[in-house]
Amino acid sequence: MKNDKLIWRICCGLAILLMVLAFSPVFIPTGVFEPKLFGMPYTLWSGIAVCIAMVLITYVATLVHPGRRDPLFGDRHEKN
């Protein structure tokens with residue numbers, strides 16, 4: 001339970017960091033097309049990689065969300 005809060009905070013931090021980096025020149029440099037991956041320019045495949053990373057972070061965050069064990073949700077409530 002305590003470990004879930006730590007993982008939740010790590011997921012939130014990673015999501016914020018990834019979004020800040022995604023809109024910075026790290027992922028969107030001006031006029032850069034190389035290196036190409038499967039014929040896609042750098043900006044396109046790095047954007048796809050950011051999207052996949054965000055989906056994975058979101059999935060993990062939903063598993064450890066602090067409100068997940070809320071008694072209002074019925075069957076997900078842990079019994080003592």
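Computed from heavy atoms alone, side chains included, the values below leave out hydrogens, waters and symmetry copies. The structure presented is a predicted model; accordingly, all values stated were derived computationally and were not measured.
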So, taking the atom named CE in M54 and the one named SG in C11, what distance separates them when rounded to the nearest 0.5 Å? 10.0 Å
L56: which of I52, T58, V60 passes side-chain contact (heavy atoms from CB on, under 4.5 Å): I52
Do I48 and C51 come within less than 4.5 Å of each other through their side chains, counting heavy atoms only? no
Under a single-linkage definition using a 4.5 Å side-chain heavy-atom cutoff for Ile, Leu, Val, Met, Phe, Trp and Tyr, are I16 and V64 assigned to the same hydrophobic cluster? no
Hydrophobic cluster membership, with links at side-chain heavy-atom distances under 4.5 Å among I/L/V/M/F/W/Y: are F23 and I57 in one? yes
Please answer whether the main-chain N or O of F38 pairs with a side-chain N or O of W45 as donor and acceptor at a distance below 3.5 Å. no
About how many Å separate CD1 of I10 and CG of L14, when rounded to the nearest 0.5 Å? 7.5 Å
Side-chain contact, heavy-atom cut-off 4.5 Å: M19 with V50? yes
Can you tell me how far the CH2 atom of W8 sits from the CG atom of N3, to the nearest 0.5 Å? 15.0 Å
